[in-house]
> 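Would you mind keeping the following structure in view while I ask a few things?
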Amino acid sequence: MALMTNARGTFLGVAGVPRLGLGLAALGRPGYITLGHAGDLRERNPDALRGQCHEVLDEAHRLGIRYYDAARSYGKAEEFLSSWVTERGYARAPAGGPSSIVVGSKWGYTYTADWQVDTGGAPHEVKEHTVPNLVKQTKETQALLGSHLHLYQSELGWRVGLSVSGPQQGDVILRALTVKEPDGSLLFDSVQATWNVMEQSAGAALLEAHAAGLDVIVKEAMANGRILAGSRGQPHGSCGVGVKILQQINNVPMNTI
């Protein structure tokens with residue numbers, strides 16, 4: 001597999017970035033909602049999962065992917081990404097040439113599963129959109145990814161973005177387009193939202209955000225594995241569908257997936 005030659009553009013102010021990115025939600029913790037997640041993990045201890053995360057990052061980089069997306073709530077995803085960047089010596093784009101990388105992360109949720117898969121019904125992450133939590137999580141992210149980070153919801157010289165989920169995400173995106181700086185410019189530089197063949201309710205709002213100049217990041221493009229679902233141990237019969245979907249998305253005015 002190779003990235004399509006026309007699947008590049010300017011993203012977060014960096015020219016020539018491939019429009020495919022890698023999200024680390026399923027790679028930074030032992031339990032996640034992606035179908036077949038448990039079967040894909042060789043071991044669940046942090047060191048083993050770090051190694052497996054690095055393997056996936058290495059393969060993604062080899063294939064030409066340069067945008068990597070993490071969050072404070074993705075278990076140890078920021079830590080794993082930080083150690084991978086340090087060990088491989090990749091520079092923050094645009095410095096470092098074609099091997100340089102673009103990194104984004106998020107605040108607002110806290111990982112609470114304590115490296116357990118079965119939490120007895122308790123949530124694996126808890127939302128807290130407060131100023132003290134913003135300050136706390138910003139410092140945590142900065143300590144791990146600060147020198148490489150391009151996108152975050154903070155005011156430390158990084159671009160400011162919002163990540164939305166749920167049935168009202170389209171409305172939230174449109175509301176975000178009305179939030180402006182004192183000089184009249186838009187507050188947000190980017191928006192990340194769920195969009196796939198099973199969930200397209202935010203499509204119109206994402207197009208409007210793109211037209212307004214925001215970088216658009218599509219998450220869950222494969223619907224947490226449901227689009228590619230097949231019998232475990234057997235070829236995924238719908239992989240061809242997934243490839244066609246990516247080809248179609250490549251023609252949509254969005255910046256990265």
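These numbers were taken from a predicted model, which means no experiment stands behind them.
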> Linking I/L/V/M/F/W/Y whenever any side-chain heavy atoms sit under 4.5 Å apart, do Leu27 and Leu145 land together?
yes
> Look only at the side chain of Lys106 and the backbone of Ala70, and say whether a donor-acceptor pair between them is shorter than 3.5 Å.
yes
> Please check this pair: side chain of Asp114 against backbone of Gln116, looking for a donor-acceptor N/O pair closer than 3.5 Å.
no
> Decide whether Val85 and Ile65 are clustered together by the hydrophobic rule: side chain heavy atoms of Ile, Leu, Val, Met, Phe, Trp, Tyr closer than 4.5 Å, transitively.
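Val85 clusters together with Ile65.
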> Would you give the length of the straight line joining atom CG of Leu174 to atom CD of Gln168, rounded to the nearest 0.5 angstrom?
11.0 Å
> Looking at Ser165 and Lys219, what are the two nearest heavy atoms and their distance?
OG-NZ, 2.8 Å
> Cluster question for you: counting only ILVMFWY and a side-chain heavy-atom cut-off of under 4.5 Å, with indirect links fine, are Tyr111 and Tyr74 together?
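Tyr111 and Tyr74: separate clusters.
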> Can you hop from Leu134 to Val126 via hydrophobic side chains spaced under 4.5 Å?
no
> Restricting to non-hydrogen atoms, name the atom on Ala113 and the atom on Thr119 that form the minimum distance, rounded to 0.1 Å.
CB-CG2, 3.9 Å
> Which heavy atom of Gly108 sits nearest to which heavy atom of Gln137, and what is that distance?
N-OE1, 2.7 Å
> Run the numbers on Tyr67 and Arg19 for side-chain contact (heavy atoms from CB on, under 4.5 Å), then give the verdict.
CA-CA 8 Å; Tyr67 175 64; Arg19 292 173 66 185; over 6 Å; no
> Quick one: pull up NZ in Lys76 and CG in Leu49 and give me the separation to the nearest 0.5 Å.
10.0 Å
> Looking at Arg44 and Ala38, what are the two nearest heavy atoms and their distance?
NH2-CB, 3.4 Å
> Using modelled atom types only, decide if a donor and an acceptor are shared between the side chain of Thr178 and the backbone of Arg175 within a distance under 3.5 Å.
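Side chain of Thr178 to backbone of Arg175, a donor-acceptor pair under 3.5 Å: yes, one is there.
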> With no hydrogens and no angle check, is any side-chain donor or acceptor of His124 less than 3.5 Å from a backbone partner on Val117?
yes
> How close do Gln200 and Val197 get, counting heavy atoms only, and between which atoms?
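In this case the closest contact between Gln200 and Val197 is NE2-CA, 3.4 Å.
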> May I ask you to decide if Asn133's main-chain N or O and Thr130's side chain share a donor-acceptor pair within less than 3.5 Å?
yes
> Kindly compute the distance separating CG (Leu162) from CD (Gln192), expressed to the nearest 0.5 Å.
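One finds 9.0 Å between CG of Leu162 and CD of Gln192.
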> Whether the side chain of Arg92 engages the backbone of Leu149 through a donor-acceptor N/O pair (distance < 3.5 Å, no angle test) should be reported.
yes
> Sub-3.5 Å donor-acceptor pair from the side chain of Glu199 to the main-chain atoms of Ser201, do we have one?
yes
> How many angstroms lie between CG in Leu214 and CZ in Phe188, if you round to the nearest 0.5 Å?
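Going from the CG atom of Leu214 to the CZ atom of Phe188 covers 9.0 Å.
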> Looking only at non-hydrogen atoms, find the nearest pair between Ala93 and Val14 and report the distance.
CB-CG1, 3.8 Å
> With a 4.5 Å cut-off on side-chain heavy atoms, are Ser190 and Arg159 touching?
no
> Sequence neighbours left out, what passes side-chain contact (heavy atoms from CB on, under 4.5 Å) with Ala193? Give chain and number order.
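Checked Ala193 against side-chain contact (heavy atoms from CB on, under 4.5 Å); matches are Val164, Gln169, Ile173, Leu206.
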> Spell out, as yes or no, whether a donor-acceptor pair under 3.5 Å connects the side chain of His210 to the backbone of Val216.
no
> Any pair with a residue in residues 82-91 that passes salt bridge (Lys or Arg N to Asp or Glu O under 4.0 Å), sequence neighbours left out, goes on the list, sorted by first then second residue, please.
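For residues 82-91, and leaving out neighbouring residues, the salt bridge (Lys or Arg N to Asp or Glu O under 4.0 Å) pairs sorted by first residue read Asp58-Arg88.
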> Look at the side chain of His150 and the backbone N and O of His148, then say whether any donor-acceptor pair between them is shorter than 3.5 Å.
yes
> Would you check if there is a donor-acceptor pair between the side chains of Glu128 and Thr110 at a distance under 3.5 Å?
no
> Rounded to the nearest 0.5 Å, what's the gap from OH on Tyr109 to OG on Ser163? Could you check?
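Reported value, rounded in 0.5 Å steps: 8.5 Å.
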> Same cluster or not: are Val172 and Trp195 linked, directly or through other Ile, Leu, Val, Met, Phe, Trp or Tyr residues, by side-chain heavy atoms under 4.5 angstrom apart?
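Linked within one cluster.
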> Enter the distance from Tyr90:OH to Leu57:CG here, rounded to the nearest 0.5 Å.
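Separation between the atoms: 9.5 Å.
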> According to the interplanar angle, ranging from 0 to 90°, do the rings of Trp84 and Tyr68 count as parallel (below 30°), tilted (30 to 60°) or perpendicular (above 60°)?
perpendicular
> Does any N or O in the side chain of Asp189 come within less than 3.5 Å of the main-chain N or O of Gly161, such that one atom is a donor and the other an acceptor?
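It does not hold such a pair.
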> Can you find a pair of side-chain heavy atoms, one from Pro30 and one from Trp115, that are under 4.5 Å apart?
yes
> Between the side chains of Glu43 and Asn45, is a donor N or O closer than 3.5 angstrom to an acceptor N or O?
yes
